[in-house]
Structures are given as structure tokens and as C-alpha cells.
Protein chains: 2
Amino acid sequence: MLNYSTSEENYIKAIFHLQKDGTVTTNELSAELQTRPASVTDMMKKLKTKKLVHYKAYRGFRLTAEGTRVALLIIRRHRLWEFFLAEKLKFNWDEVHEVAEDLEHVGSKKLIDKLDEFLDFPRFDPHGDPIPDSNGKIENTRQVCLTDVPINKPGVVGHVSDQSSEMLELLGHKKIGIGTRLEVKKKFSFDQSMEIKVRQQPPTHISWELAKNIFVKYEN
Amino acid sequence: MLNYSTSEENYIKAIFHLQKDGTVTTNELSAELQTRPASVTDMMKKLKTKKLVHYKAYRGFRLTAEGTRVALLIIRRHRLWEFFLAEKLKFNWDEVHEVAEDLEHVGSKKLIDKLDEFLDFPRFDPHGDPIPDSNGKIENTRQVCLTDVPINKPGVVGHVSDQSSEMLELLGHKKIGIGTRLEVKKKFSFDQSMEIKVRQQPPTHISWELAKNIFVKYEN
DNA sequence: AAAATTTTTTAGGTTTGTCTAAAAATAATT
DNA sequence: AATTATTTTTAGACAAACCTAAAAAATTTT
């Protein structure tokens with residue numbers, strides 16, 4: 001189990017996030033990381049010798065299998081800390097990312113695995129992104145907040161972020177749970193409430209507060 | 001609120017720990033931090049320009065008031081994380097220090113204050129050392145585990161690390177609580193149990209398991 | 001396909017924090 | 001008090017990670 005510097009980890013993570021569509025370019029990375037292109041080239045040479053990226057001058061880069069493995073471990077740390085910050089320390093949803101940027105580089109595997117256990121093995125971070133398990137396995141379908149799902153696109157509930165009994169009562173009443181297949185039929189801009197349709201149920205109306213806590217996966 | 005590098009913080013913390021008896025020397029610091037004396041001199045020059053240490057060439061160094069303030073904030077972070085690791089993540093007593101060495105440099109004041117609140121404002125870390133509050137105020141008397149208190153040295157109970165109702169029941173029965181003045185009369189090596197004396201009570205016998213959870217302060 | 005533009009890389013610096021080896025200051029010994 | 005030993009500092013280097021400015025390669029436009 002090798003150990004990488006904070007900078008190396010930041011580059012690896014950024015490549016992982018950017019490479020969804022093919023190879024990543026020097027300028028893309030330099031924009032993402034707020035550094036100069038020349039610095040990116042320097043680092044890519046280094047990561048190449050460490051066999052973490054595929055890289056040929058002027059041709060962009062992609063993570064190797066090993067680079068991907070490392071990226072997933074960093075993302076695991078990041079998202080577990082985010083979950084901890086939101087769930088236990090009561091940080092706001094939108095404040096956790098920045099703090100987790102620092103915590104994610106504290107590396108001991110034992111620490112992270114114990115944190116995971118303490119948090120009861122959460123599968124999604126506060127933004128609905130999946131948390132890789134201790135082997136780096138990650139759910140490949142991204143979860144999207146119901147407020148961001150396009151009209152008439154069927155999805156399956158994968159995660160609800162608030163687990164309060166009040167909310168669960170409401171969800172039970174609406175016959176919505178993890179695995180429920182549903183579709184957004186109409187959104188009302190007045191209060192951002194929406195009408196949704198669950199199979200074999202009549203259409204029903206839910207508030208923005210509730211939708212905010214429901215995450216669905218769908219094929220794209 | 002200025003921000004210091006991990007190296008700077010490690011030097012500041014080390015000086016704080018070493019300076020209990022007068023000024024700290026270059027060799028003492030280099031031994032503590034596992035670096036070469038020349039590196040210490042370099043850093044002391046830097047910390048001097050930042051007004052964190054008093055320093056005259058060849059004459060050793062001491063923290064300034066500001067340096068002490070910074071040291072206490074670092075120690076606060078360190079000990080809160082230690083407490084978290086032991087109490088919440090169930091790390092062993094002797095494993096927490098190393099991990100906290102990394103976490104202590106993650107600096108956001110908000111994070112640390114929220115962690116403090118989450119932990120319910122603990123006053124002592126798992127080793128019985130006091131945790132500075134968010135203003136850097138620290139209890140000046142060190143707490144020592146009852147198992148480490150010398151025979152016949154009177155001390156006052158300052159802290160019990162296990163708060164289970166089972167243990168509190170036992171303590172209540174023995175008339176021991178925070179603030180109780182007591183003295184270890186005899187230690188039995190067979191099972192490490194001990195006979196103790198509480199004022200206005202007959203001598204009583206307690207197990208090693210119980211003693212392990214009682215921390216006392218005493219003058220030295 | 002040549003010229004112009006954009007992207008990427010190279011070449012050479014800077015800062016932080018470390019190092020070694022040698023010099024200077026202090027302390028200990030005779 | 002002079003010599004010896006120890007401690008500390010200076011001088012000069014090095015690696016990591018960044019930078020600027022110029023050169024080279026790739027891409028786009030004409």
C-alpha cells in the first residue's frame with residue numbers, strides 16, 4: 001500500500017472526476033485545480049513514472065487501473081468525512097465539501113474503516129453520491145435529488161437523506177421507500193412542489209422539502 | 001487568525017511540550033522531531049520573524065504569548081481528535097496518538113468547535129490530559145490515572161472515563177465522585193487491585209478495572 | 001496546404017523544508 | 001587560562017511543487 005502526497009492525490013482525484021468523457025487535457029486539469037498548465041505537465045510526468053496515469057506528450061491522460069483504485073480510496077475518504085460532518089457534526093449540506101477536502105488526505109486505512117463502521121456503513125454522501133466500500137467498489141448509478149430529475153423520466157428511489165421518523169411516516173403514507181419506481185409528472189414553480197406518479201398508485205403531490213430528501217437513480 | 005504549515009505547527013507543539021523546564025535547546029528539539037539541528041535553526045529563524053518564539057542565537061528558545069496561544073489550539077485539536085478516536089471509533093488507548101498527529105493539522109476552527117460540541121465538551125483526552133477550551137484555556141493540573149498514583153499521596157478525583165450506569169452505581173456505593181479526596185493505601189500485585197481511603201469513610205478495596213477509570217489531580 | 005491560433009511542453013526560477021559539511025560559539029576539562 | 005569537546009549556526013545543496021516566459025506541437029482557419 002503506497003502513500004501519495006496531498007498534491008498527487010488532488011491531481012488523481014481531479015482526473016477521475018474529469019475523465020468521465022474520454023481523456024483529460026492539460027488545460028482542463030489546470031482549470032480544475034487552479035494551477036498553471038506547466039505545473040500539470042510536471043505532475044503528469046511524475047504520475048506516469050509511478051504508473052498512475054497513461055500519458056503521452058500532447059495526447060492527454062487517463063488513469064491506469066492502479067490510478068483508479070487510488071482515486072476511489074480518496075473519494076471514499078472524502079465522502080465518508082462529508083457524511084460525518086453533515087450527519088454527526090450538523091454541518092450544512094453545502095459546507096461539508098470544503099472541510100472534507102482537507103480531511104480526505106488523512107490516510108490511515110484503519111481510521112477510515114473504523115469511521116465507516118461508526119457511521120454504520122453509509123452508501124451515499126450528503127449530496128447523494130455513492131461512497132466506495134473498503135475495497136474501492138462503487139455503485140455505478142449516480143443518485144440524483146428528486147428536485148433535479150427531469151419530467152417523465154422514470155427512476156428508482158435509492159436513498160433518502162433524512163431518516164427522521166416524521167419523514168418516514170410521510171413516505172410510508174405515500175407508499176414510497178427505497179426501490180420504489182416513480183416519475184415526476186409536473187413541477188410547480190410557485191412553491192417548487194411537484195406531482196409524482198408511483199406505479200399502481202394514483203398521482204400524488206409532494207412538497208419541495210420532501211423532494212429535497214429523496215434521491216433516485218435512473219438510466220441515461 | 002493566521003495559518004501555519006504542518007511543519008511550523010509541529011515545531012510549535014514540540015517547543016510547548018519541552019519548555020516546561022525553562023528554555024528549549026536546538027538538540028532537544030531536533031531529537032524530539034527527528035530532524036537535524038541545522039533544520040531546527042532554520043525553523044527557529046522563521047518562527048522568530050513570525051514572532052512565535054523568543055530566540056537569540058546559541059541561547060535556546062521559548063514560545064511568545066502568541067506562540068503559546070497557537071500551541072494550545074494545536075493541542076486542543078490533537079486531544080479532541082484523540083478523544084473522538086477512542087470514544088467514538090473505539091480505537092485503543094495507545095493507538096490514538098499517532099492518528100491524531102495527522103488530524104490535528106486540519107485547522108478550521110468551526111470544525112473543531114463543532115467536534116467539541118458533538119463530543120459533549122470533554123475536558124480530558126484518553127490519557128487524562130486536559131483539553132484546552134475554544135479560547136485556549138487549559139486546566140493546569142494534570143490528571144493521573146489512579147493506577148499510576150503513588151501510595152499515600154492524597155489526590156482529588158477530577159474525571160472518570162467510563163460513564164456507564166453500572167460504574168456510576170459502583171462509585172456511588174463507594175462514595176466516590178468528582179471532587180472526592182482520596183489516597184491509595186496499598187496495591188496488590190496479584191490482581192492489581194488496591195486499598196484506598198476516602199475521608200470519613202473506612203478503607204475500601206477496589207479492582208484494577210475500576211481504578212483504571214478514575215483520574216485524580218494532586219499537587220506535586 | 002499554409003498561416004494563424006491554441007495547447008502543451010521545456011527551460012530555468014522560487015519557496016518550503018529538509019540535508020551535509022564546515023565554521024563559530026559555548027561549555028567542560030585539564 | 002588554555003585546550004578539548006560539544007553545541008549551534010552558517011553555507012551550500014536537494015526534492016517537491018509551484019511559477020513565468022519561450023519554444024514546440026497540434027489544431028483551426030483561411
- prompt: Counting only non-hydrogen atoms, which of residues 5-17 of chain B are less than 4.0 Å from DNA chain D?
  reply: none

Nucleic acid contacts - residues 24-34 of chain B versus DNA chain D, non-hydrogen atoms under 4.0 Å: Thr25(B), Thr26(B), Asn27(B)

- prompt: Within less than 4.0 Å of OP1 or OP2 of dT10(C), is there a side-chain N or O belonging to Lys45(A)?
  reply: yes

field: dT9(C) phosphate, OP1 or OP2, under 4.0 Å from Tyr55(A) side-chain N/O
entry: yes

Using the side chain to side chain donor-acceptor pair (under 3.5 Å) criterion, which residues pair with [X]? Sequence neighbours excluded.
X: Asp148(A); value: none
X: Asp120(B); value: none
X: Arg77(B); value: Glu9(B)

- prompt: Should the pair Arg123(A)-Asp133(A) be classified as a salt bridge under the 4.0 Å nitrogen-to-oxygen rule?
  reply: no

What nitrogen or oxygen pairs link the protein and nucleotides 20-22 of chain C at under 3.5 Å?
residue : atom : partner  : partner atom : Å
dT20(C) : OP2  : Arg36(B) : NH1          : 3.4

field: ring pair (Phe, Tyr, Trp, His ring centres under 6.0 Å) partners of Phe91(B), counting only residues at least two apart
entry: none

field: Pairs where residues 10-20 of chain B contributes a residue and the test side-chain hydrogen bond (donor to acceptor under 3.5 Å, both in side chains) is met, not counting sequence neighbours
entry: Asn10(B)-His105(B), Lys13(B)-Glu101(B), Lys13(B)-Glu104(B)

message: With heavy-atom distances below 4.5 Å as the criterion, would you say the side chains of Leu111(B) and Leu85(A) are in contact?
response: yes

task: Work out which heavy atom in Leu63(B) is nearest to a heavy atom in Ile12(B); give both atom names and the distance.
output: CD1-O, 4.0 Å

- prompt: Heavy-atom contacts under 4.0 Å between residues 56-64 of chain A and DNA chain C, which residues?
  reply: Ala57(A), Tyr58(A)

field: Nearest-angstrom distance from the residue atom CG of Asp42(A) to C1' of dT9(C)
entry: 9 Å

message: Tell me if a side-chain donor or acceptor on Thr64(B) pairs with a main-chain N or O of Leu52(B) at a distance below 3.5 Å.
response: yes

- request: Sequence neighbours left out, what passes salt bridge (Lys or Arg N to Asp or Glu O under 4.0 Å) with Glu66(A)? Give chain and number order.
  value: Arg69(A)

Can you list, pair by pair, the side-chain donor-acceptor contacts under 3.5 Å of residues 27-43 of chain A, counting residues two or more places apart and other chains?
residue  : atom : partner  : partner atom : Å
Glu28(A) : OE1  : Thr25(A) : N            : 3.0
Ser30(A) : OG   : Asn27(A) : O            : 3.3
Thr41(A) : OG1  : Pro37(A) : O            : 3.4

query: Where does the angle between the aromatic ring planes of Phe84(B) and Trp81(A) fall among parallel (under 30°), tilted (30 to 60°) and perpendicular (over 60°)?
result: tilted

query: For Asn92(B), what residues pass the side-chain contact (heavy atoms from CB on, under 4.5 Å) criterion, not counting sequence neighbours?
result: Asp94(B), Glu95(B)

